[in-house]
2 protein chains.
Amino acid sequence: MTITQLKYALAIAEHQNFTKAAEKCFVTQPTLSTQIQKLEDELDVIIFDRGKKPIELTDVGRKIVFQARNIVNEAERIQDIVDQQKGFIGGEFRLGIIPTVMPTLLPMFLKNFIKAYPKVKLKIEELTTEEILTRISDGHLDAAIAATPLESDNIKERVLYYEPFVAYIPDNHRLKDKKTIEIEDLEIEDMLLLEDGHCFRDGVINLCKTFKDQIDDSFQLESGSIETLIKLSNEGMGMTLLPYLHTLDIKEKLNPNLRHFAEPSPAREVSIIFHKSELKMQIIDALHNSISGIIRGAIAFSNVEIISPLPK
Amino acid sequence: MTITQLKYALAIAEHQNFTKAAEKCFVTQPTLSTQIQKLEDELDVIIFDRGKKPIELTDVGRKIVFQARNIVNEAERIQDIVDQQKGFIGGEFRLGIIPTVMPTLLPMFLKNFIKAYPKVKLKIEELTTEEILTRISDGHLDAAIAATPLESDNIKERVLYYEPFVAYIPDNHRLKDKKTIEIEDLEIEDMLLLEDGHCFRDGVINLCKTFKDQIDDSFQLESGSIETLIKLSNEGMGMTLLPYLHTLDIKEKLNPNLRHFAEPSPAREVSIIFHKSELKMQIIDALHNSISGIIRGAIAFSNVEIISPLPK
DNA sequence: GTAATTTTATAGTCTAAATCAATTAAAATG
DNA sequence: CATTTTAATTGATTTAGACTATAAAATTAC
């Protein structure tokens with residue numbers, strides 16, 4: 001049994017197809033066929049059920065592939081150890097970011113980061129929290145930036161910053177004349193919420209929930225972007241809540257519509273999250289430092305109340 | 001990087017010697033030399049410092065070998081998964097047993113066990129608790145039978161039975177005329193204790209400690225075997241405590257010297273312990289079942305008070 | 001301080017294993 | 001039923017792993 005064979009098995013399990021898996025492994029398809037056969041012969045079990053199309057794992061196969069994932073992960077940590085020893089910070093790094101963080105945070109730190117760590121090949125994807133969790137678990141992402149705490153078993157979190165919510169009150173809204181908003185003022189019925197893998201949205205719902213127990217989701221409107229949200233709000237669909245960093249680049253003429261909360265401000269916790277195996281930890285540390293440094297100048301709030309992104 | 005190379009590195013790290021490691025791996029010494037060189041070339045680090053005799057690990061080398069242990073352990077679990085799937089219970093299994101359990105328990109279950117599981121090649125070693133803990137941690141033992149709880153990080157425990165202590169009171173001892181012994185009767189000064197990787201001995205000391213805070217170890221005598229202990233006791237060196245199973249095969253003429261404790265009897269907890277990775281769990285389960293079944297007839301006590309084997 | 005011994009590294013050879021290109025076989029699709 | 005997709009097979013080629021023999025280096029013995 002070799003690590004290579006296990007990697008092949010993982011690729012086939014993932015793509016459910018020898019040919020595609022072979023491409024991903026940069027070998028020919030017969031190579032995969034023979035290597036998997038050798039593995040199956042050595043263990044004397046059938047791992048893949050070729051009877052079904054697309055190919056499926058047998059029951060043992062599923063367990064073996066799960067364990068193979070562990071072995072391959074642990075094996076990759078050897079290179080990690082060496083990199084750490086050499087102080088080398090580089091290689092491919094796949095980072096996921098949730099939609100409501102992506103457009104504000106990324107421009108702030110990316111330039112600095114690639115300058116500070118030119119050997120790191122960052123591959124950034126905009127993903128929902130849900131997608132992020134599965135992709136960190138299955139090894140397709142090295143880390144991600146999301147609202148926390150998530151309380152997910154296989155995933156560790158390291159807080160980057162706390163981002164207060166700022167209310168956007170359209171003209172003619174009942175709260176228009178208040179200078180600062182109280183949490184008690186929020187009514188889920190006249191609030192526009194952003195669908196964001198449920199995470200930002202659930203955070204806001206939790207905020208209102210403390211004062212309203214019954215929520216009828218059918219009245220809520222969900223939009224795909226902060227910009228749409230503001231436009232809808234301006235057309236009289238209700239007020240909305242914006243993460244603080246988004247308010248920094250809002251058009252100046254709309255600024256009068258922004259209302260800060262009375263302290264402690266409701267806020268979301270934004271963290272870099274990664275698999276508990278702590279693979280590529282040097283790069284995660286580098287990202288952490290890089291982002292923390294940038295954000296320190298932008299967010300000065302200290303007295304905040306964290307809103308959980310989890311439903312209920 | 002191959003699993004084989006990692007195994008070679010582990011062997012060399014253990015024996016600090018290429019030649020001896022080669023023998024253990026059933027290959028020639030040049031094979032090890034070249035494979036380790038290939039591994040070092042690929043990772044571009046030096047793992048072994050050949051400058052020193054005996055050979056030493058470099059700092060990175062130590063980390064790499066530690067990780068290699070993880071990888072090899074995880075890799076061996078693949079075969080485990082397959083065995084479990086097939087219901088196969090077999091292969092080599094290295095079991096450690098502490099001295100005060102070995103002579104009584106082993107004859108009781110061994111015959112039955114090898115009959116029930118003929119494919120398991122049991123390798124049994126008599127070891128102290130301390131030796132057992134290091135050998136389970138470094139993978140030289142698959143499991144062991146010892147007094148518990150041990151509260152060791154990497155090790156899981158599964159209780160096999162509770163074994164009460166029985167007092168052995170020599171003729172002319174101050175307690176000779178009591179029918180049953182109370183814990184309060186015990187005096188650490190006239191007690192003979194068996195050195196047993198400190199575990200049985202510490203258990204008894206704990207027992208007395210509840211009534212005496214100061215112990216002067218210089219007065220205590222330690223012997224290597226239960227038989228010697230009884231003889232010394234008979235020569236007026238003091239009373240002693242025997243684990244219940246030992247009293248079953250004591251010579252009949254000495255039986256009058258045995259005194260049971262008033263309930264709840266002080267007892268030791270005897271468990272099968274194993275690495276937290278739960279490798280070869282089917283065999284551990286088989287041993288557990290086998291021993292539990294046998295012991296059920298022999299020990300009928302229920303109202304017991306557990307004495308911890310840990311110092312202090 | 002040199003000889004003997006132990007231990008690791010190197011060289012050259014052999015064998016087995018891994019991979020590839022080309023082809024066949026089998027299944028799914030249209 | 002023909003076409004397409006996909007896995008298995010074949011045979012050649014390259015690579016990797018292991019061996020024997022030997023050299024080099026270090027340690028120990030005398």
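Keep in mind that this is a model prediction, so the values were computed, not measured. We name chains A, B, ... by the order of the sequence lines, and we start the count at 1 in each one.
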Starting at atom [atom1] of [X], determine the distance to atom [atom2] of [N], rounded to an integer number of angstrom.
X: A/Gln35; N: C/dA16; atom1: CD; atom2: C1'; value: 12 Å
X: A/Phe18; N: C/dC20; atom1: CZ; atom2: P; value: 15 Å
X: B/Glu23; N: C/dT6; atom1: CD; atom2: P; value: 13 Å
X: A/Glu40; N: D/dA7; atom1: CD; atom2: P; value: 13 Å
X: B/Asp49; N: C/dA9; atom1: CG; atom2: P; value: 11 Å
X: A/Ile46; N: D/dA8; atom1: CD1; atom2: P; value: 10 Å
X: A/Leu32; N: C/dA21; atom1: CG; atom2: P; value: 14 Å
X: A/Asp41; N: D/dT9; atom1: CG; atom2: P; value: 10 Å

Give a yes/no on whether any side-chain N or O of [X] is located under 4.0 angstrom from OP1 or OP2 of [N].
X: A/Asn17; N: D/dT5; result: no
X: A/Thr34; N: C/dT19; result: no
X: B/Thr28; N: D/dC19; result: yes
X: B/Thr31; N: D/dC19; result: yes

I'd like to check the side-chain contact (heavy atoms from CB on, under 4.5 Å) partners of [X]; sequence neighbours left out, ordered by chain and number.
X: A/Asn112; result: A/Ile294
X: A/Ser152; result: A/Leu133, A/Ile155
X: A/Gln85; result: B/Val60
X: B/Thr134; result: none

Any side-chain to backbone donor/acceptor pair from [X] onto [Y]? Under 3.5 Å, distance only.
X: B/Thr58; Y: B/Phe48; answer: no
X: B/Glu42; Y: B/Met1; answer: yes
X: A/Glu157; Y: A/Leu150; answer: yes

Got a sec, which pairs hit ring pair (Phe, Tyr, Trp, His ring centres under 6.0 Å) with one end in residues 114-147 of chain A, sequence neighbours left out?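 Matches after skipping sequence neighbours: A/Phe113-A/Tyr117.
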
Tell me the salt bridge (Lys or Arg N to Asp or Glu O under 4.0 Å) pairs involving [range], sequence neighbours left out?
range: residues 273-282 of chain B; value: B/Asp142-B/Lys280, B/Lys156-B/Glu278
range: residues 58-81 of chain A; value: A/Asp59-A/Arg62
range: residues 81-91 of chain B; value: A/Asp44-B/Lys86

Does any residue of residues 3-14 of chain B have a heavy atom under 4.0 Å from DNA chain D, and if so, which ones, in number order?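 Heavy-atom cutoff 4.0 Å gives B/Tyr8.
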
What parts of residues 61-69 of chain B reach DNA chain C, counting only heavy atoms under 4.0 Å away?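 Result for residues 61-69 of chain B: none.
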
Taking for each residue the nucleotide of DNA chain C with the nearest heavy atom, is it B/Gln16 or A/Thr2 whose nucleotide lies nearer the 5' end?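 Checking each residue's closest nucleotide, the 5'-ward one belongs to B/Gln16.
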
Sugar-phosphate only, base, or nothing, as touched by A/Ile55 at under 4.0 Å among non-hydrogen atoms: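 Result for A/Ile55 = sugar-phosphate.
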
How would nucleotides 23-30 of chain C be written as a contact map, 5' to 3', with B for base contact, S for sugar-phosphate-only contact and - for no contact, using protein heavy atoms under 4.0 Å? ----SS--

Sequence-distant partners of A/Asp49, salt bridge (charged side-chain N to carboxylate O under 4.0 Å, His left out), two or more places apart: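 For A/Asp49, the residues satisfying salt bridge (charged side-chain N to carboxylate O under 4.0 Å, His left out) (neighbours in sequence not counted) are A/Lys52.
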
Selection from D/dT6, C/dT7, D/dA8 that lies nearest to any side-chain heavy atom of B/Thr19: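 Selected nucleotide: C/dT7.
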
Would you indicate which nucleotide in D/dT20, D/dT9, C/dT7 comes nearest to any side-chain atom of A/Ser33?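 That would be D/dT9.
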
